[in-house]
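Keep in mind that the numbers below use all heavy atoms, side chains included, and drop hydrogens, waters and symmetry copies. Indexing begins at 1, ligand by ligand and atom by atom, following the structure's order. We count residues from 1, following the sequence as given.
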Amino acid sequence: MYLTVESLEKRYGHHDPSVSDLSFSLSQGELLGILGPSGCGKTTTLRMISGLVPITSGKIFVAGREVSNLPTYRRNMGVMFQSYALFPHLTIAENIAFGLEMRKLSRAEIGRRVADALAMVQLKAVGERKPRELSGGQQQRVALARALVIEPDILLLDEPLSNLDAKLRDDMRNEIRDIQKRLQMTTVFVTHDQTEAMAICDRIVVMNRGRLEQIGTPLEIYEKPATPMVADFVGRINRLAGTWRTDGALMLGDAVVRGNASGTAGTDAVVMVRPHRITMLAADETPAAGPGRNRLAGVVRDVTFVGDTLQYKVEAAGGLVAVEKTTTSAGNRFNPGDAVSLVWRFDDTLTFPGEVAG
Ligand SMILES: Nc1ncnc2c1ncn2[C@@H]1O[C@H](COP(=O)(O)OP(=O)(O)OP(=O)(O)O)[C@@H](O)[C@H]1O
Ligand SMILES: [Mg+2]
């Protein structure tokens, strides 16, 4: 493993810890995402790895060597902050060149690398301007170029794309991915956007309230979330209240469904299924549940058209179920008041012990 953090903890003053008991490792050239809601400790984690805030306890290793107490400049890390932190008195080109000059590269080499970096973030024409003469999104791209240009062993990016429009965000995240893979830079990428994390990360750490909730590939995090929080955070999902039976099935109100795990008979379960994994049929339509499938009767209460999809709310045993269908030019099949059957696979039914929180 190239970068390892072990039992990291950060307390600011006497408050509860902002990060606690956090451990994970990255192999060389890996792109690891840190994903989680606002305030969960992402920036704090990145700052501890970079050495910008001292750790309260725990250890950080790079290539087998402990760096926990080394100053930032001795960790060979390229860092991009959430609040760009460009030097206001330097031009854009000088901002990007700064780290290269510290490394004593030749004039010609610096000129070439700065030009490449500006082209990469689609800002060729602004090299002579000052940061205040750029928009927020342009400044963000300069900060990204500044972190990448030194080709560090370890790249730490804190919400590097948060101020960009959708198209530019896509372009930039692919650029980051390409350059990171080409140069084998071990990268930690902080974001609260699950689509972004899924699209480019080799693995993802999901954090919640300062702790690691799960670490895994995007597919694992999405299909096999370890907790209801993860399931909720990485895509829309229904939460229904169930109770386990002795045979491993669950009662949802008076209906019986099966999930991906079993629990202690008689105890409460949170039953979760993603809206787009549910097929909706008219109540009198025949194809029965079929092997491996749950079937639940309900009544459509609400339909919302959102372009690509139709979003239904269906009242059924266990609660209000969201169902999502891709729209077709043929239009809407179901209307409020219609009696329907909801069908989905056992495999798509995630179950967790506990009660559905209000
Ligand atoms: N300098 C500080 N002093 C005291 N508390 C702090 C300090 N910096 C951060 N915190 C607290 O630590 C917690 C984690 O903050 P952090 O900035 O790491 O969150 P984050 O996950 O990056 O959130 P966001 O997505 O909003 O950027 C928050 O509760 C925050 O208020
Ligand atoms: Mg942050």
> Is NZ or CZ of R173 both nearer than 6.0 Å to the six-membered ring centre of F189 and within 45° of the ring axis?
Replying inline: no
> Charged N to carboxylate O below 4.0 Å: is that the case for R169 and D165?
Replying inline: no
> So is K59 actually on top of F61's ring, under 6.0 Å and inside 45° of the axis?
Replying inline: no
> Where is the nearest protein heavy atom to atom 27 (O) of ligand 1: which residue, which atom, and how far?
Replying inline: Q82 NE2, 2.9 Å
>> Under 3.5 Å between any N/O of H15 and any N/O of ligand 1: does that happen in this structure?
In response: no
> Is a salt bridge present between R277 and E223, judged by a nitrogen-to-oxygen distance below 4.0 Å?
Replying inline: yes
>> So, regarding T43 and ligand 1 (criterion: nitrogen or oxygen to nitrogen or oxygen, under 3.5 Å), is there a contact or not?
In response: yes
>> Using a 3.5 Å cut-off on N or O atoms only, is H192 in polar contact with ligand 1?
In response: no
> Looking at side-chain heavy atoms only, is the closest gap between F81 and L46 below 4.5 Å?
Replying inline: no
> How far is atom 26 (O) of ligand 1 from its nearest protein heavy atom, and which residue and atom is that?
Replying inline: S38 OG, 2.6 Å
>> I want to check a possible cation-pi pair here: R146 against F87, using under 6.0 Å from ring centre and within 45° of the ring axis as the test.
In response: yes
> Is there any N or O on G39 that sits under 3.5 Å from an N or O of ligand 1?
Replying inline: yes
> Yes or no on side-chain hydrogen bond (donor to acceptor under 3.5 Å, both in side chains) for W244 and T264, after CA distance, side-chain angles and deciding distance?
Replying inline: CA-CA 6 Å; W244 265 299; T264 314; over 6 Å; no
>> Applying side-chain hydrogen bond (donor to acceptor under 3.5 Å, both in side chains) to E30 and T187, what does each step give before you reach the verdict?
In response: CA-CA 6 Å; E30 185 172 12; T187 303; over 6 Å; no
>> Within the 4.0 Å heavy-atom shell around S18, which atoms of ligand 1 are there?
In response: 11 (C), 12 (O), 13 (C)
>> We want to know whether E196 and T191 form a side-chain donor-acceptor pair, criterion being a heavy-atom distance below 3.5 angstrom.
In response: yes
>> I'd like to check which ligand 1 atoms, numbered from 1 as shown, lie under 4.0 Å from a non-hydrogen atom of T44.
In response: 14 (C), 15 (O), 16 (P), 18 (O)
> Has T43 got an N, O or S atom lying less than 2.8 Å from the Mg ion (ligand 2)?
Replying inline: yes
>> Which residue and atom name correspond to the protein heavy atom nearest atom 25 (O) of ligand 1, and how close is it?
In response: K42 NZ, 2.7 Å
> Could a heavy atom of G36 be found less than 4.0 Å from some atom of ligand 1?
Replying inline: no
> Could any protein non-hydrogen atom be found less than 4.0 Å from atom 19 (O) of ligand 1?
Replying inline: yes
>> Just to confirm my output: which protein heavy-atom neighbour is closest to atom 6 (C) of ligand 1, and how far is it?
In response: Y12 CD1, 3.2 Å
